[in-house]
Participant: 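The following block contains the structure, expressed as structure tokens.
One-based numbering along the sequence shown. Here the structure is a predicted model, which means the values were calculated and not measured.
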Amino acid sequence: MDTISASKPKDAREISCSVPTVKRSQVTSSKSVSGVMRTSKNSEASTAGKAASVQSAVRKTEGTAMPDSNLSRFLRPTLSSSASSQRRNSTGNFRDKQAVATAKQTSTDGKIVSPSISDSGKKASLGSRKALLPSVSSKDLTPDASMKGKRSPAFSVLPQTSDSGKADSMRKSSSRSLESSRRVLSSSLESSSGISSIKKATSNGFSLPERTSFSASANRVSSVVSSKKNSSAAESRDYRFIMLPQVDFKARDDLRLDLRGHKIRSLDAPGLNLSPSLEFVYLRDNLLSSMVGVEILKRVKVLDLSFNDFKGPSFEPLGSCKALQQLYLAGNQITTLSSIPELPNLEFLSVAQNKLKSLAMATQPRLQVLAASKNKISTFKGFPFLPVLEHLRVEENPILRMTHVEAASILLVGPTLKKFNDQDLSLKELEIAKSYPAHTPVCIRDGWEFCRPELAADSTFSFLLEKWKEHFPPGFMLSGTSVDSPFEDDICRCHFNFINVNSDADLVLKYQWLVGDRTPTNFEIIADAVGEVYWPKHEDIGKYLKVECTPILMEKVYPPVFAISSPVSPGTGYPKVLSLSVHGELIEGNLIRGAVEISWCGGTPGKGVASWLRRRWNGSPVVVVGAEDEDYLLTADDIDSSLVFMYTPVTEEGTKGEPQYAMTDFVKAAPPSVSNVRILGDAVEGNTIKGIGEYFGGKEGPSKFKWMREDKETGNFVVVSSGASEYTLTKNDIGHRLAFVYIPANFEGGKSVSVMSEIVKKVTNLMIVGDVREGSKLTVSCTVVGGTEGSCRVQWFKTSYSMFENENSMEAISSSKLAKTFRVPLAAVGYYIVVKFTPVASDGETGESAFAISDKVVDSLPPSLNFLSTEGAAGVLIAKGVGLLQCLITKDYIGKLISFECTPVRDDGIVGELRTFLAAVQVRSGSPRLLYLKIIGDGVEGTTLHAEKKYWGGEEGNSVYQWLQVLHMPSYEVSSNDIGFLVSVSCEPIRSDGTHGPTVISEHIGPIIPGPPCCQSLELFGSMTEGCRISFAVSYSGGREKGCCVHEWFRLMENGRKEKLSCDDFLDLTLEDVGRFIELAYTPVRKDGLRGSRKSVISTAISAANPKGIELVIPDCRKDMEVVPQKSYYGGKEGNGEYVWYRTRVRPYEADLVEISSFSKDFFIVGKNVISPTIEDVDSYLVLRWVPTVMMGTKVHMLSQISTNPVMAEHPIVANVRIKDMGTGTFVGEGLYYGGYEGSSMYSWYRQTTEGTNLLIPGATSINYKATDHDYNCRLVLGYTPVRSDSIVGELVMSEASNIVLPGKLKM
């Protein structure tokens, strides 16, 4: 007789079945299950009540929907039965209630096999880790069974036993375990937020197929179910807190390794076959104790090592598993996680049911779920930095006795935490966490004992002080540290209060600001933030600030202390003035300046509004017109007044802050003084000259004036006039200097300022001294009166006339200079020489010029050198040197000898003797250098600058150019990074033989200004096919900050017209675009609003896609209402498709819609194209089969869709309710019913009195009514309440009143 044996573990995680290979049993339907359950119930009378509840649980499992496949990535354990359509959750239990009962199997000959167990000791091994092995292969099921596998409920098969009492005990234990698991599961799965976050944590999760085939090795290992290995540990497992993975059977065999429960002791054991290509490795329930060998799994994503013998620390080999996403280490003996390395892709970590005392380990940058329940965790010391952690579970740990442990977790993890111990975060704990100091997480990680929030500030500071006090400078103590609440763009100040106890030296404090993450961790140094204050930037919002204060005593540096701020808050956007002051000496004529310190509080810094007001004593301030800058020049009007400097900060967006003002003391008058004293008028006898000056120093008083004449013999000045600023020159003043004295005075006195004048300038006895001959030196001689002769100017001319007429008849042969000697040039031969002498006073004033002419014309000299030619060593004439006394040696002459010849020739043709000279050495290369270097081009962004130079020093090699620290060619393209900066180029000349010359730097050009916004390149990306999405790529230039550039999509019509489509970043091509062109117009815009030139790009012609129906949706269907399906089609123009509607009472599966014809007995054709459901379609599902057709008549792939809900009938209503008099006092009610099938509609009759009042007639609830004596002389009214067959009640409708009921005639 064939038997089927199976074991049901206590933990209900998995069911393992073994099937002999001789014959196969069939699980045909849920009816067989019910039969087995009923048989089991009858054989166990003592547990009838419990068995009944179990049987009810079995029935409840029928039709239970499969849990969400995405949720199952973390929450479902290994699939245990291929015949079951249900899945388990993360705690190892079934999602819905499962039946636990004794199953009796029917063999192929129809006999009943009763359960039995040969050894009572095997009972204790139930629920051990061997029960986690895979179930029988689905290939053992018959086609009928596999066909109905979707709709058949799952069931469990208990092991056979010969003792019914033992079976009862096992059923009770299993029932309690399942019941407990269901309660925990229902509470943990009700939170939608938890599910969504777990889905997110497994972006690369893996779901199970509905039917799964297991390997043959699973059948072999099922024989070890009765093993006692770790039976006590297995019985103690609490799967409420242990999250186990689900085996991904969709993965290929070369990517998956499932060896659960194989007694494997080592990862490098023979036959284990670990390979680098594996991605899913399940080694749960083995005897592993070392990680050695795991480093080969370079690509593993899911690694299940739960329920082994790991103790740790021995997890360093995991560092090679860089792709690992899920790591399961539950149910081991691990005592520490410190050796787990940083795993860059780890998202899920389960370490539940171990012996951990803390969670100290390396940072895990992508960890989202950390399950550490059922350990010995009593402290958060060393808690790792987990920047994206969302779920933290520490149930059944000693740390839960800590006050506000949830608030401590919130502080350690930060704002990413969503669930604590599988519950949404408590609002109360969130508020409590906010009341702790910002440095609390740092103290917790260092071992501080968590306490109530009202004690935390003093307790944490005492904790830190205990760590710091051994390193304080001698004689100093620290009484407190704090940081002001930081706001964007607002001043934030730190406070470190060191107390000098008994030190004579001064303590110097050095500061360094750091910025962290959204938790007070991972702090990074802020460059240049080394002061007592710091202005948080926009990018600091939401982050923590840390200040490290380093004490320095007598040049010895001590370890720093620190303070941590609260998170940086966004600025208000309203600027405010922090301080306002006026600097400068308040004396007339001085420049004073208003100094303002502004906090922009998140706004864009702009230019504020400044104004100056003048306030006299005991008066009101008056605005100084035109004084709108920070600088102000004090004038005489400000004397004896105080000034008010008012400033209103204004952001770039136009937001104004509160105006502030600063007031000065009273302005004092400056001491009287005079400047720019000078004498006006020509210093000629008989003229009147005037002395003037610019007075300064309050209101001018009785200033004094004096005129003084210099005595040539003594050098002293004698007063010749006083009291007046004007003076008339006399003949006594000729040849003397006069001084004008200006004594400024106000009512407090003053000091004198004088100026002297050179007057009465005359030139006498002017003559030319010397031989008037070519090449001779001539000298001018004269007598100057009234001026300093040494500063006079002399200029030489030539003329053809012997008498001086005017300057127009002369030709200058020299410039005006101080030198009185002159060498006669060759050009003056045959002309008269004229000299012009101009007297000049010391103050620069010139007198009248005098002229003198030579007695004869200039004679020529004997023959002299006037021709020179230079030749090379080979005698080749140097053309450029002919006729010159000098010759420029170029690089062409390097290595050659130079000679020159000289033949003197006089102008009358007489030739002198030829002379030749040959250089002693060859011409050598000069040191390489640049004669000049400059930049050619405009300092505008986007332009190309060129370096222009002139090289000297032999043949030039590869000279080195350098632009802005970057080596380039002689040209440089200005970019947006150069805006606002000066640009220069340096060049190091290099000769062809490698000799370097001195580096030359050009003059700066700039500052560089932004170029106009420009679109450098514009390209379209994507397939130009109907149904595809196209986008674009653009290269922008024109300033550092790009504004809101405009891009528009157009469709080019056949008539040349453009049709605007959208302004999105992409365009979805539709049927209307087929055969047409798409144009993208892009207008670059700079941030300041300046627009550049528009650029366009046109696509190729849009082609039609392959015809295809992509979506078909049937809306809600109602009786007598036309059903219009929603469909999506693309692939050119659609033709007249084929639509066929079917009706079915039972909703089919999606797979059954492929071939509707094979289920003709369940589907009935109700129409084609558009239909309106009739009464026959009510409560039935409508199925639409759509065969799309293109315009040419070609049919494409068929689509089928079923309505979401059955056809609904309209709400029951009734119309045309009336009463029909049948005679003999009998009345019948009539009405037209509408709204599905009519059920037991309700009728009521009313008696209407002569006053029009309707009185209900008791008991009259039939459609027929027989009048009584009470109805005489009254009218009858019928009330008709429609009721649909499904008991839906409509509204009551009343009929018109009948005729008056009269007594009937007497009959004979």
Participant: In plain terms, say whether R1094 and E1048 are close enough for a salt bridge, that is, a side-chain N and a carboxylate O under 4.0 Å apart.
Facilitator: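 Yes, R1094 and E1048 are salt-bridged.
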Participant: A side-chain contact here means heavy atoms from C-beta on lying under 4.5 Å apart; do T519 and V413 qualify?
Facilitator: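 In short, these two side chains do not touch, never coming nearer than 4.5 Å.
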Participant: Which atoms form the tightest heavy-atom contact between P344 and E342, and what is the distance?
Facilitator: CD-O, 3.7 Å
Participant: Among V547, V530, V533, which one satisfies side-chain contact (heavy atoms from CB on, under 4.5 Å) with Y511?
Facilitator: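 For Y511, the side-chain contact (heavy atoms from CB on, under 4.5 Å) test succeeds with only one of V547, V530, V533, which is V547.
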Participant: Would you find a donor on one side and an acceptor on the other, under 3.5 Å apart, between the side chain of H538 and the backbone of E488?
Facilitator: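 It does not hold such a pair.
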Participant: Compute both the distance and the angle, then confirm whether K1095 meets the cation-pi test with Y1082: under 6.0 Å from the six-membered ring centre, within 45 degrees of the axis.
Facilitator: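 No; the conditions do not both hold, so K1095 does not lie above the ring face of Y1082.
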Participant: Does K419 come within less than 4.0 Å of D424, counting only side-chain N to carboxylate O?
Facilitator: yes
Participant: With side chain to side chain donor-acceptor pair (under 3.5 Å) as the rule and sequence neighbours excluded, what pairs involving residues 564-578 come up?
Facilitator: D490-K576
Participant: Taking all non-hydrogen atoms of both residues, which atom of F523 and which atom of L545 are closest, and how far apart?
Facilitator: CE2-C, 4.1 Å
Participant: To check you understand the geometry: which heavy-atom pair defines the closest contact between A610 and F645, and what is its length?
Facilitator: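 What the structure gives for the nearest pair is CB-CE1, 3.9 Å.
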Participant: I'd like to know if the side chain of D629 and the backbone of D631 have a donor-acceptor N/O pair within less than 3.5 Å.
Facilitator: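 No.
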Participant: Contact between P441 and L411 at the side-chain level, heavy atoms closer than 4.5 Å - yes or no?
Facilitator: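 Yes, side chains in contact.
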Participant: Looking at K546, is its backbone amide N or carbonyl O close enough to the side chain of Y544 to form a donor-acceptor pair, meaning the two atoms are under 3.5 Å apart?
Facilitator: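 No; judged by distance alone, with no hydrogens or angles, the pair does not exist.
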Participant: Has the side chain of W1049 got a donor or acceptor atom that lies under 3.5 Å from a matching backbone atom of K1060?
Facilitator: no
Participant: Run the side chain to side chain contact (heavy atoms under 4.5 Å, CB included) test on C987 and V1000 for me, step by step, so that the C-alpha distance in whole Å, both residues' side-chain angles and the decisive distance to 0.1 Å come before the verdict.
Facilitator: CA-CA 5 Å; C987 178; V1000 177; 5.6 Å; no
Participant: Is any NZ, NE, NH1 or NH2 atom of the basic residue among E1079 and R1051 found under 4.0 Å from an Asp or Glu carboxylate oxygen of the other?
Facilitator: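 Salt bridge between E1079 and R1051, a charged N being under 4.0 Å from a carboxylate O: no.
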Participant: How are the rings of Y632 and W612 set relative to one another: parallel (under 30°), tilted (30 to 60°) or perpendicular (over 60°)?
Facilitator: parallel
Participant: Within the side chain of T651, is there an N or O that forms a donor-acceptor pair under 3.5 Å with the backbone of P605?
Facilitator: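 Side chain of T651 to backbone of P605: no pair is present.
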Participant: Can you give me the closest heavy-atom contact between I1001 and S984, atom names plus distance?
Facilitator: CG2-OG, 4.1 Å
Participant: Checking side chain to side chain contact (heavy atoms under 4.5 Å, CB included) for the pair I1078/L1052: CA distance, chi angles, key distance, verdict?
Facilitator: CA-CA 6 Å; I1078 298 296; L1052 303 184; over 6 Å; no
Participant: Please report the closest heavy-atom contact between L982 and H1004, naming both atoms and the distance.
Facilitator: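 Smallest heavy-atom distance, with atoms named: CB-CD2, 3.7 Å.
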Participant: Is the shortest side-chain N to carboxylate O distance from E630 to R593 below 4.0 Å?
Facilitator: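 Salt bridge absent between E630 and R593.
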Participant: Within the side chain of T363, is there an N or O that forms a donor-acceptor pair under 3.5 Å with the backbone of P365?
Facilitator: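 No, because the side chain of T363 does not come within donor-acceptor range (under 3.5 Å) of the backbone of P365.
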Participant: With side chain to side chain contact (heavy atoms under 4.5 Å, CB included) as the criterion, how do L324 and K301 come out once you've worked through the C-alpha distance, each side chain's angles and the decisive distance to 0.1 Å?
Facilitator: CA-CA 4 Å; L324 186 60; K301 296 179 180 178; 5.9 Å; no
Participant: Measure the shortest side-chain to side-chain distance between F1077 and F1050 over non-hydrogen atoms and say whether it is less than 4.5 angstrom.
Facilitator: no
Participant: R1029 and L1067: side chain to side chain contact (heavy atoms under 4.5 Å, CB included), yes or no, with the steps?
Facilitator: CA-CA 6 Å; R1029 172 174 291 182; L1067 178 67; over 6 Å; no
Participant: Mark yes or no for whether R1091, through its side chain, and P1013, through its backbone, hold a donor-acceptor pair below 3.5 Å.
Facilitator: no
Participant: Under a 3.5 Å distance rule, please check whether S581 uses its side chain to pair with a backbone N or O of A662 as donor and acceptor.
Facilitator: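 Here the side-chain-to-backbone pair does not exist.
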Participant: Do you know the tightest heavy-atom contact between L425 and L417?
Facilitator: CD1-O, 3.1 Å
